[in-house]
> 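First the structure, which I've put down as structure tokens, then a few questions once you've had a look.
Below, read A as the first sequence line, B as the second, and so on, with proteins coming before strands; counting in each chain starts at 1.
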Amino acid sequence: MLDKNFVRENLDFVRERLGTRGGDYSLDELVALDAEWRQVLLRSEELRRQRNEASEQIGKLKKEGQDTSAQQSRVKAISNEIKSLEETLRRLEEKLNTLLHSIPNLPHESVPVGLDESANAEVRRWGSPPYFSFHPMDHVDLGVSLGILDIDRAAKIAGARFALLCGTGARLERALIHFMLDVHTHEHGYREVLPPFMANSASLFGTGNLPKFAQDLFRVEGTDYYLIPTAEVPLTNLYNGEILDGATLPQKFAAYTPCFRSEAGSYGKDTRGLIRQHQFNKVELVKFADPATSYDELESLTRDAEAVLQRVGLHYRVVALCTGDMGFSSAKTYDIEVWLPSQNRFREISSCSNFEAFQARRANIRFRNATGKKQFVHTLNGSGLAVGRTWLAILENYQQGDGTVLIPEALRPYMDGLERIAPEGS
RNA sequence: GGAGGAAUGGCCGAGUGGUUGAAGGCGGCGGUCUUGAAAACCGUUAGGGGGGCAACUCUCUCGUAGGUUCGAAUCCUACUUCCUCCGCCA
């Protein structure tokens, strides 16, 4: 959510920045509504002042035993007028908020301008694609032939876009979670958190998922609970409504959670394999930062996520998303994309963003700065990493000509020293 | 699931219809005293919104949302959360 006073006072700038995302956001209507709202507010507060004065008078007169019925009926009339103005205010606020809540964040000045992913800018690359002297399989064929992935039974249990990992496959997933958390907590200074896997609507509003993107979420029927689409939701809302001590910033949290997404609107996309699932595991990194250093924090957050890929030896690149390709709440986003031999291209495995004060304003997360003033924090988050996509990238990149898969050395301590995944019985 | 109890400022805690945005204490901050510190003493210390260049000023907020009243922290209703007991349960 943008600051409506900022929008009013910097209308041309806001219009220009939002324009780079492509889209029309009714800024003139917003400003007009705001002007009307402030006018009505002023009038209703003036009436309240009159009412407060008169009521106090009545109290005094009554103590002296005087008759106050004339004054009482006058105040009654004022109260009625206040009530009707309040109704108007409520209506205006609702319209105002509907508009305000649907406007995305302003892209940072360093973000490449463009309307779709073709304008994204590659920032750097690490490693190189593996060389195969044979025709490499994709992770589905590999997983099924090794007996560690069962898509058919997952479909029987739940449906499409679910997976069942078995034996060493399940073990590898668990090892990855464990490994990633260890890297971030031991080496990068994040505090581990195990949050609820459901969150209420206020939390989803705070991160910007609601009200605009309800169709992407699974809601628990008859309740205010939603299955979290990412640990960003519970982690960012950790400090919902709080005022932090500025000296404690930045604060860094890491959490493993499953993530649940309806994937409405992605029918036909990535239907094969584990790339796009209704449920997947992710280790998420979240930071609460001082605005003065939040862009440095974005750089280090991205490096923290990259470190995991480097440790397991997977080829990747970092891409700065362009204005039109960024998410609703983000001011700047780096995607980390891992190399997938079966697709002969890079695929997203992490997304690292600085939301500046956009989420903090929605979730009311502030800090007291060095001068004692309250300020909104900047929130950041990034996947560190998507576990399912790491799992499948390892299978594809480490497959051998004999159909087995080598386990990257960094993971072996988490797999009882196992060096290679060989076919196992169901 | 059943029966009770509770929710007030950073914390504890008073307050059952009229200068109570809120006593008192603790904590924090500033000062006096001291070689320094402690103690003592004095002062100060909630958040949101509007208007104003500013000084400043108005308004809202005592879990949340409504209601009664000239006037609500205080009375009524619903909801939320927490605590105690009973039942059930990993």
> Report the distance from atom CG of A:Asp245 to atom P of B:C11, rounded to the nearest whole Å.
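About 15 Å, once rounded to whole Å.
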> With P as the reference atom in both, quote the distance from B:G21 to B:A73 in angstrom, rounded to an integer.
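B:G21 and B:A73 have their P atoms separated by 7 Å.
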> Answer yes or no: does a side-chain N or O of A:Asn52 lie under 4.0 Å from OP1 or OP2 of B:U19?
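It does not, given that no N or O in the side chain of A:Asn52 lies less than 4.0 Å from OP1 or OP2 of B:U19.
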> Give each stem of RNA chain B as a range with a range, requiring at least 3 consecutive Watson-Crick or G-U wobble pairs whose two distances are under 3.5 Å.
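Stems found: B:1-7 with B:80-86, B:10-12 with B:24-26, B:27-32 with B:40-45, B:46-51 with B:56-61, B:63-67 with B:75-79.
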> To the nearest Å, give me how far apart CG (A:Asp34) and C1' (B:G49) are.
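So the CG-C1' distance, A:Asp34 to B:G49, works out to 12 Å.
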> Could you give the CD-to-P distance, from A:Gln72 to B:C70, as a whole number of Å?
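Result: 6 Å.
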> Report which part of the nucleic acid A:Leu41 touches: base, sugar-phosphate, or nothing (heavy-atom distance under 4.0 Å, all strands).
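A:Leu41: backbone/sugar contact only, no base atoms under 4.0 Å.
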> B:G66 and B:A14: how far apart are their P atoms, nearest whole angstrom?
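About 29 Å, rounded to a whole number of Å.
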> Rounding to the closest angstrom, what is the interatomic distance between B:G2 and B:A78 at atom P?
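To the nearest whole Å, 15 Å.
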> Side-chain atoms of residues 302-310 of chain A: list all donor-acceptor pairs with protein atoms under 3.5 Å, sequence neighbours left out, distances to 0.1 Å.
residue, atom, partner, partner atom, Å
A:Thr302, OG1, A:Leu298, O, 2.8
A:Asp304, OD2, A:Tyr190, OH, 2.7
A:Glu306, OE1, A:Arg124, NE, 3.2
A:Glu306, OE1, A:Tyr316, OH, 2.7
A:Glu306, OE2, A:Arg124, NE, 3.2
A:Glu306, OE2, A:Arg124, NH2, 2.6
A:Gln310, NE2, A:Tyr316, OH, 2.8

> In whole Å, what separates the P atom of B:G18 from that of B:G10?
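So the two P atoms sit 26 Å from each other.
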> Can a salt bridge be assigned to the pair A:Glu263 and A:Arg161 using a cut-off of 4.0 Å between side-chain N and carboxylate O?
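Result for this pair is no, no salt bridge flagged.
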> Within the pair A:Arg366 and B:G47, is there a side-chain N or O less than 4.0 Å away from OP1 or OP2?
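For B:G47, OP1/OP2 do not have a side-chain N/O of A:Arg366 under 4.0 Å.
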> Assign each of A:Glu46 and A:Ser55 to its nearest nucleotide of RNA chain B by heavy atoms, then name whichever residue's nucleotide is nearer the 5' end.
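So the residue in question is A:Ser55.
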> Can you check the distance between B:U20 and B:G71, where both ends of the measurement are the C1' atom (answer in whole Å)?
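Those two atoms are separated by 14 Å.
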> If the C1' atom of B:C62 is compared with that of B:G15, how far apart are they to the nearest Å?
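Per the computed distance, 11 Å lies between those C1' atoms.
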> Are A:His278 and A:Phe218, when compared by the centres of their aromatic rings, separated by less than 6.0 Å?
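Yes, close enough.
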> Do the side chains of A:Arg91 and A:Glu94 get close enough for a salt bridge, i.e. N-O under 4.0 angstrom?
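Salt bridge between A:Arg91 and A:Glu94, a charged N being under 4.0 Å from a carboxylate O: no.
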> Quick test of your reading of the model: are A:Arg38 and A:Asp34 salt-bridged, counting only N-O distances below 4.0 Å?
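So A:Arg38 pairs with A:Asp34 through a salt bridge.
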> When you compare B:U59 with B:G63, how far apart are their C1' atoms, in angstrom units rounded to a whole number?
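Pairwise C1' distance, B:U59 against B:G63, rounds to 22 Å.
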> Take atom CZ of A:Arg362 and atom C1' of B:G48, then tell me their distance rounded to the nearest Å.
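Whole-Å distance recorded here is 19 Å.
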> Should the pair A:Lys287-A:Glu297 be classified as a salt bridge under the 4.0 Å nitrogen-to-oxygen rule?
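So A:Lys287 pairs with A:Glu297 through a salt bridge.
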> Under 4.0 Å, heavy atoms only, any strand: does A:Arg368 hit a base, just the sugar-phosphate, or nothing?
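Sugar-phosphate, no base atom in range.
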> Taking OP1 and OP2 of B:G51, is either one under 4.0 Å from a side-chain nitrogen or oxygen of A:Arg49?
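Checking B:G51 against A:Arg49, no side-chain N or O comes under 4.0 Å of OP1 or OP2.
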> Pick the nucleotide of RNA chain B nearest each of A:Glu56 and A:Asn364; which residue has the one closer to the 5' end?
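Nearer the 5' end of the strand: A:Glu56.
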> Distance alone, cut at 3.5 Å: any donor-acceptor contact between the side chains of A:Ser203 and A:Asn200?
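Yes.
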> Figure out the CD/C1' separation between A:Glu93 and B:C60, and round it to whole Å.
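Whole-Å distance recorded here is 11 Å.
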> Within the 4.0 Å heavy-atom criterion, would you say A:Lys62 contacts the bases, only the backbone, or no part of the nucleic acid?
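Base contact - A:Lys62 has a heavy atom under 4.0 Å of at least one base atom.
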> Under 4.0 Å, heavy atoms only, any strand: does A:Asn5 hit a base, just the sugar-phosphate, or nothing?
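Counting heavy atoms under 4.0 Å across all strands, the contact made by A:Asn5 is with sugar-phosphate only.
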> Over how many whole Å does the gap from A:Arg48 atom CZ to B:G49 atom C1' extend?
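About 11 Å, once rounded to whole Å.
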> Kindly state which residues belonging to residues 78-90 of chain A come within less than 4.0 angstrom of RNA chain B, counting heavy atoms of the residue only, listed by number.
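RNA chain B contact set from residues 78-90 of chain A: A:Ser79, A:Lys83, A:Arg90.
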> State which of B:G18, B:U69, B:G50 makes the closest approach to the side chain of A:Ile58.
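Nearest to the side-chain atoms of A:Ile58, counting from C-beta on, is B:G18.
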> Ion pair present between A:Arg49 and A:Glu46, side-chain N to carboxylate O less than 4.0 angstrom?
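Salt bridge: yes.
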> Before accepting this row, confirm whether a basic side-chain N of the pair A:Glu284/A:Lys282 lies closer than 4.0 Å to the acidic partner's carboxylate O.
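Looking at A:Lys282 together with A:Glu284, the answer is yes, because their closest N to O distance falls below 4.0 Å.
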> Tell me if the aromatic rings of A:Phe328 and A:Phe358 count as close, with their centers under 6.0 Å from one another.
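Yes; A:Phe358 has its ring centre under 6.0 Å from that of A:Phe328.
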> In whole Å, I'd like the distance from the CZ atom of A:Arg51 to the P atom of B:A72.
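Those two atoms, CZ and P, are 6 Å apart.
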> Would you mind reading off the distance between A:Ile243 atom CD1 and B:G47 atom P, rounded to a whole angstrom?
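In whole Å, B:G47 P lies 6 Å from A:Ile243 CD1.
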> Say you pick atom C1' in B:C41 and the same atom in B:A22; how far apart are they, in whole Å?
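26 Å, rounded to whole Å.
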> Looking at the rings of A:Phe355 and A:His378, which for Trp means the six-membered one, are their centres under 6.0 Å apart?
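Centroid distance A:Phe355-A:His378: not below 6.0 Å, so no.
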